[in-house]
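Here's the structure, in structure tokens; my notes come after.
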Protein chains: 2
Amino acid sequence: METCSETLVHPEAVAEARRVIDRAPVEALAETFKVLGDPTRIRILLALSARELCVCDLAELFDVSQSAVSHQLRILRVHRLVRPRREGKLVYYRLDDDHVRTLFAEGLRHVKEG
Amino acid sequence: METCSETLVHPEAVAEARRVIDRAPVEALAETFKVLGDPTRIRILLALSARELCVCDLAELFDVSQSAVSHQLRILRVHRLVRPRREGKLVYYRLDDDHVRTLFAEGLRHVKEG
DNA sequence: TTTATGTATGAGCAAATGTTCATTCGAGCA
DNA sequence: TGCTCGAATGAACATTTGCTCATACATAAA
């Protein structure tokens with residue numbers, strides 16, 4: 001229930017916070033983190049952190065269907081976290097840029113200091 | 001369908017990837033990122049990035065029920081992203097550590113370079 | 001103690017998510 | 001042209017998620 005009083009406790013702080021939030025790309029940020037928030041996608045990115053791999057190898061690696069891997073790769077691709085490269089019948093994927101590695105490093109730091 | 005051949009295309013690369021994945025705290029990483037992958041929680045963290053705020057103010061700020069905010073704060077608390085401090089009837093929340101800020105910065109960098 | 005107000009929690013529900021199955025697309029080869 | 005095999009996509013389904021509503025807990029004041 002909405003039991004808080006009508007008057008704010010810290011009006012100026014709330015106003016400041018509102019400005020910060022309005023200025024930030026909230027939805028895009030949440031989207032990016034949400035993409036990273038799945039074990040399968042984390043595994044895919046970890047696997048690609050060393051070198052590129054074809055879809056076939058990734059599917060074998062995680063012991064899930066090729067379809068599942070393709071679905072996840074699509075999500076990662078749309079969010080520019082991985083990039084495909086076709087070579088004959090095979091499609092190789094690799095990390096799109098170094099931001100991914102840095103994000104990983106920060107995530108790890110948080111996890112490890114617990 | 002599982003249509004890939006039985007033999008791996010790059011056995012040694014897959015083996016190496018498997019080692020990397022086994023060494024990493026995959027589930028914990030995914031959990032952390034998943035927590036950050038929600039607009040409401042992102043807004044809460046942004047609001048707290050400048051200074052601590054009480055639950056009451058946060059609820060007012062996002063125009064959602066106090067219950068919803070409490071539920072999200074609980075999730076953030078469990079994952080050590082925010083920390084509560086009681087002062088009378090009010091409970092103030094603030095960011096738990098600086099990792100959150102760094103994670104945000106990296107997320108922003110990725111989002112902005114699109 | 002009783003009451004009031006801020007916060008936390010449980011139940012229930014609609015929406016979103018990740019998987020599998022089935023099918024289609026794409027490239028190379030007979 | 002057909003055929004094969006790797007990859008992508010759509011549908012269906014079970015699970016998860018985030019919200020609201022109702023209720024319980026906590027602290028301060030009457």
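Quick note: numbers below take in every heavy atom, side chains included, and nothing from hydrogens, waters or symmetry partners. The structure presented is a predicted model; accordingly, all values stated were derived computationally and were not measured. Proteins come first, then strands; the chains are lettered A, B, ... in the order of their sequence lines, and each starts at number 1.
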Tell me the interatomic distance from A:Tyr92, atom OH, to D:dA8, atom P, rounded to whole angstroms. 13 Å
5'-most by nearest nucleotide on DNA chain C - B:Ala68 or A:Thr40: B:Ala68
Whole angstrom value for the distance that separates P of D:dA7 from CD of A:Glu52: 12 Å
Counting just side-chain N and O atoms, does B:Arg74 come under 4.0 Å of either OP1 or OP2 of D:dT17? no
Atom CD1 of B:Ile44 to atom C1' of D:dG18: distance rounded to whole Å? 12 Å
A:Phe33 vs B:Phe33 aromatic rings, parallel, tilted or perpendicular, using cut-offs 30° and 60°? parallel
Gap between atoms CG and C1', on B:Leu76 and C:dA8 respectively (whole Å): 15 Å
Measure CZ/A:Arg85 against C1'/D:dA8 and give the value in whole Å, please. 18 Å
Taking only Lys NZ, Arg NE, NH1 and NH2, and the carboxylate oxygens of Asp or Glu, determine whether A:Arg85 and A:Glu87 approach each other closer than 4.0 Å. yes
Side-chain contact check for B:Gln66: nearest option of D:dA28, D:dA8, C:dA8 is C:dA8
Let me know, please, whether B:Pro84 or A:Val69 comes out on the 5' side of the other along DNA chain C by nearest nucleotide. B:Pro84
Closer than 4.0 Å, any side-chain N/O of A:Ser70 to the OP1 or OP2 of D:dA7? no
Does B:Lys34 place a side-chain N or O at less than 4.0 Å from the phosphate oxygens OP1/OP2 of D:dT17? yes
Can you tell me which nucleotide in D:dG18, C:dG18, C:dT5 comes closest to the side chain of B:Arg41? D:dG18
Just how far, in rounded Å, is P of D:dG6 from CG of A:Leu53? 16 Å
Check the phosphate of D:dC19 against B:Gln72, side-chain N and O only, distance under 4.0 Å to OP1 or OP2. Yes or no? yes
What's the spacing between A:Glu31 CD and A:Ile75 CD1 if we round to 0.5 Å? 9.5 Å
Report yes if at least one side-chain N or O of B:Arg86 is closer than 4.0 Å to OP1 or OP2 of C:dG6; otherwise report no. no
Would you say D:dA8 has OP1 or OP2 under 4.0 Å from some side-chain N or O of A:Tyr93? yes
Counting only side-chain nitrogens and oxygens, does A:Ser67 get under 4.0 Å of the OP1 or OP2 atom of C:dT20? no
Is there a donor-acceptor pair closer than 3.5 Å between any side-chain N or O of A:Arg101 and the backbone N or O of A:Ser49? yes
Testing D:dT20, D:dG6, C:dT7 for proximity to the side chain of A:Leu90, the answer is D:dG6
Separation of B:Glu87 atom CD from C:dT7 atom C1', in whole Å? 15 Å
Could you give the distance from OH (A:Tyr92) to SG (A:Cys56), rounded to the nearest 0.5 Å? 9.5 Å
To the nearest Å, give me how far apart NE2 (A:His71) and P (D:dA8) are. 11 Å
